[in-house]
**Student:** 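Encoded as structure tokens, here's the structure I'll be asking about.
Just follow the structure's listing: the first ligand is 1, and inside any ligand the first atom is 1.
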Amino acid sequence: MPFKDECGVFGIFQQPEAARQTYLGLYALQHRGQEAAGICTRDGRTLILHKGLGYVADVFSESVLDRLKGDSAIGHTRYSTTGGNVASAAHPFLVQGRFGQVALCHNGNLTNTEQIRAKLIAEGQVFTSPSDSEVILALINRAKADTLEDAVVEALKQAEGAFSLLILAEDLFIAARDSRGFRPLALGKLDDSWMFSSETTAFDLVNAEYQREVMPGEMIVIDAKGLRSRYMLPKEDPRPCVFEHVYFARPDSFVFSRSVMATRREMGRCLARRHPVEADLVVPVPDSGVHAALGYAEASGIPFDFGLVRNHYVGRTFIEPKQSIRSFGVKVKLNPCRELLRGKRVVLVDDSIVRGTTSRKIVQMVRQAGAAEIHLRISSPPTTHSCFYGIDTPTRDQLIAAQKSIQEICEFVGADSLGYLTIGDLENSMQDSGGQGFCYACFTGEYSVPPTEGKG
Ligand code: AMP
């Protein structure tokens with residue numbers, strides 16, 4: 001089973017407080033991964049690394065940041081589920097090889113890691129972790145090219161699948177995105193220094209200006225001579241991930257050159273037209289359903305209110321009481337406002353249903369709070385297929401929409417009605433004419449890169 005990475009990357013070139021800026025950048029990208037974080041800085045020609053398990057704020061202290069000297073840095077925040085919660089899998093990876101010290105961090109999943117790893121191991125290569133990032137570093141070191149820059153191109157030509165990656169070396173900084181551009185990567189500027197981030201929200205925090213996306217297939221190289229852009233990978237039709245806009249990215253970010261918040265609003269408006277219903281109140285499942293619910297309320301004219309309140313201080317784990325409380329996991333995160341919900345016909349809006357178990361508990365919670373009717377509206381199509389390019393989705397046997405009809409899902413979650421967007425609605429919301437521009441594989445099963453390994 002390959003590691004499933006949902007990650008955030010941030011990097012900065014030539015800024016006096018590189019480590020602290022990267023720390024802040026990662027702080028803004030915390031939603032992209034909560035299990036591990038790391039920063040590698042460059043002081044002169046020496047690379048210094050610190051990484052560990054936990055939230056960004058837990059992994060870095062004042063004294064650690066003081067130790068991370070230097071004016072360039074790359075950082076990473078990582079999320080993984082199955083068996084991946086081990087320190088050895090945290091990024092950045094720092095190695096010493098033919099090109100001196102080289103550090104790399106990576107968002108996305110390669111689809112041919114196991115194949116390459118097996119071949120390299122047979123040839124004598126050793127690895128310290130199951131990470132696909134280490135495989136890229138091995139390919140770089142074994143490349144025929146004479147320069148690191150060309151070796152990176154050679155390595156990335158062999159990598160299939162999704163990568164938005166940052167490389168820091170003794171005298172070079174590289175940002176690269178795979179030819180289909182599955183995962184985002186943005187270029188920003190603060191005074192004279194360049195920075196990169198998975199999402200633009202991180203630029204806002206450090207007062208940097210968003211310049212543009214790193215384009216699919218583009219490699220940006222920065223060294224003492226300045227910044228240059230190269231397109232060395234085979235050209236493919238771009239397939240940026242629509243699920244970044246549906247669920248994953250922060251609404252205040254620009255992802256793939258468009259506002260996530262504006263797209264979610266449009267999805268909500270579209271949902272109101274697709275599945276209208278007579279109701280008294282539109283209630284979002286916070287935070288993921290908020291902007292689609294606002295769009296639904298706007299297009300339907302039904303009042304919007306926060307009928308569920310989210311506790312923002314809940315981490316990934318919490319200690320349950322010994323005598324178990326029913327639906328404790330959801331209750332600790334969400335609580336209903338009974339005064340708002342009692343006797344009301346509620347349109348409950350969320351972005352997606354994956355396994356259906358959380359949605360079922362939330363519907364029960366709203367019902368117990370006194371809602372007269374619950375009409376569940378989902379601002380994306382049924383999630384029927386696993387992602388192989390960096391979004392953590394379970395295998396098809398656990399995806400409720402791969403196993404049950406919409407009517408059966410409605411019964412399972414206990415709603416009075418259930419409505420999803422169609423693929424066409426989603427394309428319209430993304431202004432994607434003819435469905436040519438984005439990856440919709442989790443909704444269609446049409447994989448532009450064959451999923452050669454892992455889930456099915
Ligand atoms: P469930 O009803 O158990 O399928 O959970 C649905 C909730 O999971 C929705 O609120 C989604 O926003 C959220 N969700 C969707 N995709 C993911 C993901 N890749 N990782 C974690 N949560 C997700």
Side-chain angles (χ1 to χ4, degrees), residues 3-8 30-35 77-82 84-85 107-109 162 182-183 241-251 260 263-264 267-268 271 283-293 307-311 314-317 327-334 348-366 374 376-404 406 408-415 418 420-421 426 439-443 454-455:
F3 271 17
K4 296 182 275 179
D5 288 334
E6 284 184 339
C7 305
Q30 185 72 85
H31 63 288
R32 295 184 72 88
Q34 296 95 41
E35 264 173 15
T77 173
R78 176 170 191 276
Y79 168 90
S80 85
T81 49
T82 42
N85 188 10
N107 173 208
N109 252 21
F182 287 109
R183 305 259 68 87
C241 164
V242 76
F243 211 69
E244 290 273 351
H245 276 268
V246 168
Y247 165 78
F248 197 39
R250 264 172 59 155
V260 174
T263 318
R264 286 188 191 160
M267 289 165 179
L271 191 56
V283 170
V285 174
D287 292 322
S288 53
V290 169
H291 291 279
L308 291 165
V309 171
R310 177 167 166 189
N311 182 338
V314 180
R316 276 179 67 88
T317 55
S327 299
F328 182 79
V330 172
K331 273 186 189 153
V332 81
K333 283 185 195 145
L334 294 175
L348 188 63
V349 181
D350 205 354
D351 68 286
S352 57
I353 301 179
V354 183
R355 292 182 170 87
T357 46
T358 313
S359 310
R360 180 186 195 163
K361 288 172 189 165
I362 294 170
V363 170
Q364 271 171 8
M365 181 184 272
V366 173
I374 302 168
L376 184 59
R377 295 292 178 268
I378 303 297
S379 59
S380 63
T383 308
T384 49
H385 289 76
S386 302
C387 177
F388 296 88
Y389 315 131
I391 293 283
D392 172 45
T393 38
T395 48
R396 293 199 76 201
D397 55 329
Q398 291 179 54
L399 282 172
I400 192 166
Q403 305 299 328
K404 292 185 193 295
I406 293 179
E408 286 168 339
I409 300 172
C410 183
E411 283 160 26
F412 177 81
V413 299
L418 169 63
Y420 286 91
L421 287 185
L426 191 58
C439 176
Y440 299 98
C442 55
F443 305 121
K455 306 167 284 179

**Student:** For atom 8 (O) of ligand 1, find the nearest protein heavy atom and state the residue, atom name and distance (0.1 Å precision).
**Tutor:** Val354 CG2, 4.3 Å

**Student:** Taking 4.0 angstrom as the limit and counting only heavy atoms of Glu6, give me the atoms of ligand 1 inside it, by number and element.
**Tutor:** 19 (N)

**Student:** Number the atoms of ligand 1 from 1 as they appear, then name those within less than 4.0 Å of a heavy atom of Ser359, with their elements.
**Tutor:** 1 (P), 2 (O), 6 (C)

**Student:** Have a look at Ser380, Pro284, Ser352 and point out the one with the heavy atom closest to atom 6 (C) of ligand 1.
**Tutor:** Ser352

**Student:** Just how far is it from atom CG of Asp287 to atom CZ of Arg250, taken to the nearest 0.5 Å?
**Tutor:** 10.0 Å

**Student:** Is there a donor-acceptor contact under 3.5 Å linking the side chains of Ser380 and Asp351?
**Tutor:** no

**Student:** How long is the span from the OH atom in Tyr247 to the SG atom in Cys442, to the nearest 0.5 Å?
**Tutor:** 12.5 Å

**Student:** Quick check on contacts: which atoms of ligand 1 are under 4.0 angstrom from a heavy atom of Gly356?
**Tutor:** 1 (P), 2 (O), 3 (O), 4 (O)

**Student:** Could you tell me whether a side-chain N or O of Glu6 sits under 3.5 Å from a main-chain N or O of Asp392, the two making a donor and an acceptor?
**Tutor:** yes

**Student:** Cation-pi check, Arg183 to Tyr389: give yes when NZ or CZ is under 6.0 Å from the six-membered ring centre and within 45° of the ring axis, no otherwise.
**Tutor:** no

**Student:** Answer yes or no: is there a donor N or O on one side and an acceptor on the other, between the side chain of Thr384 and the main chain of Ala402, under 3.5 Å?
**Tutor:** no

**Student:** For ligand 1, indicate whether the residue Ser288 contacts it via side chain, backbone, both or neither (heavy-atom separation under 4.0 Å).
**Tutor:** side chain

**Student:** Mark up the atoms of ligand 1 that fall under 4.0 Å of a heavy atom belonging to Arg355, in ascending order.
**Tutor:** 1 (P), 4 (O)

**Student:** Please write down residue, atom name and distance for the protein heavy atom closest to atom 22 (N) of ligand 1.
**Tutor:** Tyr247 OH, 3.0 Å

**Student:** Using a 3.5 Å cut-off on N or O atoms only, is Arg360 in polar contact with ligand 1?
**Tutor:** no

**Student:** With nothing but distance in play, are any N or O atoms of Phe243 less than 3.5 Å from an N or O of ligand 1?
**Tutor:** no

**Student:** If you measure every N/O of Asp350 against every N/O of ligand 1, is any gap under 3.5 Å?
**Tutor:** yes

**Student:** What's the spacing between Leu376 CG and Ser359 OG if we round to 0.5 Å?
**Tutor:** 6.0 Å

**Student:** What atoms of ligand 1 come closer than 4.0 angstrom to any heavy atom of Asp392?
**Tutor:** 18 (C), 19 (N)

**Student:** Got an N/O contact under 3.5 Å between Asp351 and ligand 1?
**Tutor:** yes

**Student:** Please name the pair of heavy atoms, one in Glu244 and one in Arg264, separated by the smallest distance, quoted to 0.1 Å.
**Tutor:** O-NH2, 3.4 Å

**Student:** Ligand 1 and Ile391, any nitrogen or oxygen pair closer than 3.5 angstrom?
**Tutor:** no

**Student:** Any donor and acceptor pair, going by atom type alone, linking the side chain of Gln403 with main-chain N or O of Leu399 inside 3.5 Å?
**Tutor:** no

